[in-house]
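This report concerns only the one structure given below.
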Amino acid sequence: KSATNLPVINYSQPVEVGKFVEASAVQYYFNLLKALDEDNVAVSTISSYPRYTEFFTGGQTQVLFSNNQNPKPQVKIFAKMLEVFKAEGKLLKKIDLRFDKVIVEFIN
């Protein structure tokens with residue numbers, strides 16, 4: 001909807017003149033940005049790696065998603081967890097949704 005305040009996207013693969021960026025990576029980013037926007041999750045930086053995507057929220061929480069899964073359900077899980085932990089007064093340092101069991105690290 002809006003083309004302002006977009007996060008910086010870091011692509012870890014080499015980018016060369018005359019070569020194309022992976023089409024699946026571009027589609028993944030568009031889907032991720034749309035899902036983040038739908039769930040009102042503000043991010044500052046998104047970094048791409050061959051198997052996963054890393055981003056940081058406005059609150060400096062590190063989030064890791066698997067590139068092999070649709071980002072929308074991962075964003076839904078993250079947004080819900082963020083809401084619950086915020087209500088409990090817990091500050092998140094890191095959430096890793098790349099595996100079957102979510103890994104959560106809190107700020108002491």
Side-chain angles (χ1 to χ4, degrees):
K1 295 179 184 179
S2 169
T4 62
N5 202 22
L6 293 173
V8 173
I9 297 175
N10 298 315
Y11 185 69
S12 69
Q13 304 301 316
V15 178
E16 299 175 19
V17 175
K19 300 226 175 168
F20 292 99
V21 173
E22 265 183 67
S24 61
V26 174
Q27 186 61 45
Y28 182 86
Y29 286 124
F30 282 126
N31 291 339
L32 177 60
L33 290 173
K34 183 178 179 186
L36 290 167
D37 187 48
E38 287 174 357
D39 282 293
N40 297 317
V41 177
V43 299
S44 58
T45 304
I46 300 174
S47 297
S48 166
Y49 300 97
R51 293 187 175 178
Y52 68 95
T53 296
E54 171 190 54
F55 65 87
F56 290 87
T57 65
Q60 296 304 308
T61 300
Q62 178 189 23
V63 184
L64 302 166
F65 282 179
S66 171
N67 292 349
N68 295 330
Q69 299 174 21
N70 182 342
K72 189 171 186 166
Q74 293 180 92
V75 170
K76 292 269 184 223
I77 291 168
F78 169 67
K80 189 64 174 172
M81 291 179 79
L82 193 61
E83 183 181 307
V84 168
F85 293 139
K86 187 176 181 179
E88 293 176 355
K90 296 179 180 177
L91 299 175
L92 288 171
K93 181 176 182 179
K94 177 180 177 180
I95 291 186
D96 189 341
L97 287 114
R98 295 178 292 173
F99 310 104
D100 290 338
K101 293 187 180 187
V102 178
I103 299 168
V104 179
E105 188 176 335
F106 297 101
I107 296 173
N108 293 333

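What you see below is based on every heavy atom in this structure, not just the backbone, and it leaves out hydrogens, waters and symmetry mates.
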May I ask you to say whether Glu38 pairs ionically with Lys76, meaning some side-chain N is under 4.0 Å from a carboxylate O?
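No, this pair does not count.
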
Note: Lys86-Glu83 ion pair, threshold 4.0 Å (strictly below)
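Judged by the 4.0 Å cut-off on N to carboxylate O distance, Lys86 and Glu83 do not form a salt bridge.
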
Donor-acceptor side-chain pairing of Gln27 and Asn31 below 3.5 angstrom:
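A pair is found: one side chain offers a donor N or O, the other an acceptor, under 3.5 Å apart.
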
Does one side chain, of Ser48 or Tyr29, offer a donor that lies under 3.5 Å from an acceptor on the other?
yes

Starting from Phe78, can I reach Phe85 by hopping between I/L/V/M/F/W/Y residues whose side chains sit under 4.5 Å apart?
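Linked, Phe85 and Phe78 end up in one cluster.
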
Honestly curious: do Ile95 and Tyr52 fall in one hydrophobic cluster under the side-chain, below-4.5 Å linking rule?
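No, Ile95 and Tyr52 fall in different hydrophobic clusters.
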
Please evaluate residues Gln74 and Asn70 with respect to the criterion side-chain contact (heavy atoms from CB on, under 4.5 Å), reporting the C-alpha separation (whole Å), side-chain torsions for both, the decisive distance (0.1 Å), and the verdict.
CA-CA 7 Å; Gln74 293 180 92; Asn70 182 342; over 6 Å; no

Is the backbone of [Y] close enough, under 3.5 Å, to the side chain of [X] for a donor and an acceptor to pair up by distance?
| X | Y | result |
| --- | --- | --- |
| Gln62 | Glu54 | no |
| Thr53 | Phe65 | no |
| Asn68 | Arg51 | no |

Supply the atom-to-atom distance Lys72 NZ to Leu32 CG, rounded to the nearest 0.5 angstrom.
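These two atoms lie 12.5 Å from each other.
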
Val63 and Thr57: CA distance, side-chain angles, deciding distance, side-chain contact (heavy atoms from CB on, under 4.5 Å) verdict
CA-CA 8 Å; Val63 184; Thr57 65; 4.1 Å; yes

Can you name the one residue among Ile103, Val104, Val102 that meets side chain to side chain contact (heavy atoms under 4.5 Å, CB included) with Asp96?
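Testing Asp96 for a side chain to side chain contact (heavy atoms under 4.5 Å, CB included) against Ile103, Val104, Val102 leaves exactly one candidate, Ile103.
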
For side-chain contact (heavy atoms from CB on, under 4.5 Å), just list the numbers for Leu64 and Leu97, CA-CA rounded to whole Å, side-chain angles, deciding distance to a tenth of an Å, and then say yes or no.
CA-CA 6 Å; Leu64 302 166; Leu97 287 114; over 6 Å; no

Which pair of non-hydrogen atoms, one from Thr61 and one from Leu92, has the smallest distance, and what is that distance?
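Answer, listing the atom of Thr61 first, then Leu92: OG1-O, 3.0 Å.
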
NZ or CZ of Lys90 within 45° of Phe106 ring axis and under 6.0 Å:
yes

